Amino acid sequence: MIKLPGLIDPHVHMREPGGEHKEDWQSGTRAALAGGFTLVLAMPNTKPPVVDSASFNAVLKLAESKALCDFALFAGAGPDAANLPALAERTAGLKMYLDQTYGPLRLDEMDLWMPHFASWPLNRPLAIHAESRTLAAAVLFAALFDRPVHICHVSKREEILVIKAARERGIPVTCEVTPHHLFLTQEDIPRMGGGFAEVRPVLASRADQQALWDNLDVIDCFASDHAPHTMEEKKGENPPPGFPGLETSLPLLLTAVANRMLTIDDIVQRCYTNPLRIFNLPAQPDTWIEVDTKAKWEIRAAAMQSRCSWTPFEGYPVQGRLERVVLRGKEVFRDGKVLAQPGYGRNIRERSQG
Ligand code: NCD
Ligand code: ZN
Ligand code: ZN
């Protein structure tokens with residue numbers, strides 16, 4: 001049994017409001033605790049999206065009454081940047097969607113990016129969905145505006161190499177990689193079946209996957225990009241992109257430790273130390289998780305807390321099991337059971353203005 005800090009997931013989609021049939025603040029934060037995450041940063045592509053103080057306050061109210069784990073909310077960058085900076089202190093950061101994604105928050109023209117880069121405060125990160133050449137443009141913007149950017153869900157060799165080169169030249173770029181891009185490739189698509197394999201960024205080639213493992217030192221964070229959609233939606237006509245990930249991330253990463261592809265310290269750096277620094281988060285007092293690194297089991301969606309009730313890793317043999325979670329001095333998960341009550345989760349931006 002080993003003890004680790006409460007993990008931080010800097011990229012989750014809670015779906016409430018507007019997508020409660022996929023997930024809501026209660027089911028999503030139950031899934032977080034059952035996955036070893038005591039703090040989640042929630043994305044703004046809800047219905048309606050979080051793009052101003054009215055929509056931000058509405059989601060905050062829901063989250064405060066329902067969340068079981070701690071959280072902060074991203075604001076989303078829309079075409080109008082004027083009123084967002086006033087909200088910044090209360091947010092996890094600003095999310096910018098610059099490529100194809102789920103939801104309405106895509107900014108195509110670079111002239112729409114500029115006011116956000118110019119006016120968003122430096123103590124709150126810019127988290128960016130940008131792939132391939134768009135990612136190179138986002139890196140250029142980090143240099144032009146001389147401000148840190150965090151690149152979400154990096155999946156390709158060309159992307160990790162551009163980030164590496166940018167950092168070697170002192171451009172302030174950090175990045176995250178999802179477990180699904182570390183453990184799945186496009187070769188898994190036939191087995192997964194059409195809509196169930198749909199995700200953005202798409203599952204990449206073996207060479208892309210290998211480049212992520214070869215450049216582990218360039219990867220600052222592991223992020224689940226927990227993006228639940230129901231089985232009916234994934235089976236249907238226009239399957240929305242996204243995988244649930246909160247409850248499979250830690251067991252997959254621990255399995256990589258058992259297989260000597262990662263160390264426990266690699267996990268702690270990327271699921272705690274680096275997200276804490278990059279997103280300027282307060283440490284959670286008296287908070288930790290306990291893990292049995294020897295336990296072998298199989299991933300089963302039926303045993304999960306997420307409402308979406310499927311996983312791309314169904315039946316995967318894993319080694320390493322979460323046994324216990326303590327959040328701010330209270331036992332909130334033990335032996336497969338979530339013990340916290342809705343409303344126990346705190347908005348970590350509430351008091352700290354750090
Ligand atoms: C995400 C979603 O469903 O909200 N989908 C996905 O495939 N990753 C959107 C996103 O993270 O771009
Ligand atoms: Zn994205
Ligand atoms: Zn996402």
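Start at 1 and go down the list; that is how both ligands and their atoms are numbered. Keep in mind the model is a prediction, meaning the values are calculated, not measured.
- Residue A227 approaches ligand 1 through these ligand atoms, each under 4.0 Å from one of its heavy atoms: 1 (C), 2 (C), 3 (O), 5 (N).
- Ranking the protein heavy atoms by distance from atom 3 (O) of ligand 1 puts R15 NH2, 2.7 Å first.
- Ligand 1 has H229 within reach: a non-hydrogen atom of the residue lies less than 4.0 Å from it.
- Of all protein heavy atoms, the one closest to atom 12 (O) of ligand 1 is T101 OG1, 2.6 Å.
- More than 12 heavy-atom neighbours from other residues, nucleotides or ligands sit within 6.0 angstrom of NZ on K330.
- A 4.5 Å side-chain heavy-atom check between H226 and V40 finds every atom pair outside the cut-off.
- For R200, heavy-atom contacts with ligand 1 shorter than 4.0 Å involve the backbone as well as the side chain.
- Partner of N45 under the side chain to side chain donor-acceptor pair (under 3.5 Å) criterion, chosen from H13, H129, K95: H13.
- A tilted orientation is assigned to the rings of F145 and F117, their planes being inclined by 30° to 60°.
- Ordered by chain and number, H129 ND1, H153 NE2 make up the set of protein N, O or S atoms under 2.8 Å of the Zn ion (ligand 2).
- Short contacts between ligand 1 and H129, defined as distances under 4.0 Å to a heavy atom of the residue, involve ligand atoms 12 (O).
- Test T287, T38, D70 against R328 for side chain to side chain donor-acceptor pair (under 3.5 Å) and you get one pass: D70.
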*asked:* Could you go through E247 and T311, starting from their C-alpha distance and side-chain angles, then the distance that decides it, and tell me whether this counts as side chain to side chain contact (heavy atoms under 4.5 Å, CB included)?
replied: CA-CA 9 Å; E247 292 166 89; T311 166; over 6 Å; no
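- Other residues, nucleotides and ligands contribute more than 12 heavy atoms inside 6.0 Å of the CZ atom of R300.
- Less than 4.0 angstrom separates some heavy atom of H153 from each of these atoms of ligand 1: 11 (O), 12 (O).
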*Report the C-alpha distance between H229 and R15 in whole Å, list the side-chain angles of each, state the deciding distance to 0.1 Å, and finish with yes or no for side chain to side chain donor-acceptor pair (under 3.5 Å).*
CA-CA 9 Å; H229 300 285; R15 302 304 190 204; 3.1 Å; yes
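- Residue Y102 has no nitrogen or oxygen atom sitting less than 3.5 Å from a nitrogen or oxygen atom of ligand 1, judged on distance alone.
- Taking a 6.0 Å sphere around CZ of R167, one finds it holds more than 12 heavy atoms contributed by other residues, nucleotides or ligands.
- Side chain of R90 to backbone of R349: no donor-acceptor contact under 3.5 angstrom is found.
- Of all atoms in ligand 1, listed by their number and element, those nearer than 4.0 Å to a heavy atom of V199 are 7 (O).
- When each atom of ligand 1 is checked for a heavy atom of D225 under 4.0 Å away, the hits are 8 (N), 11 (O).
- Atom CZ of R191 has more than 12 heavy atoms from other residues, nucleotides or ligands within 6.0 Å.
- At least one heavy atom of H11 lies less than 4.0 angstrom from ligand 1.
- Heavy atoms of E198 found under 4.0 angstrom from ligand 1: none, in either backbone or side chain.
- Side-chain N/O atoms of Q319 and N259 include no donor and acceptor closer than 3.5 Å.
- Atom 5 (N) of ligand 1 has as its closest protein heavy atom P241 O, 3.1 Å.
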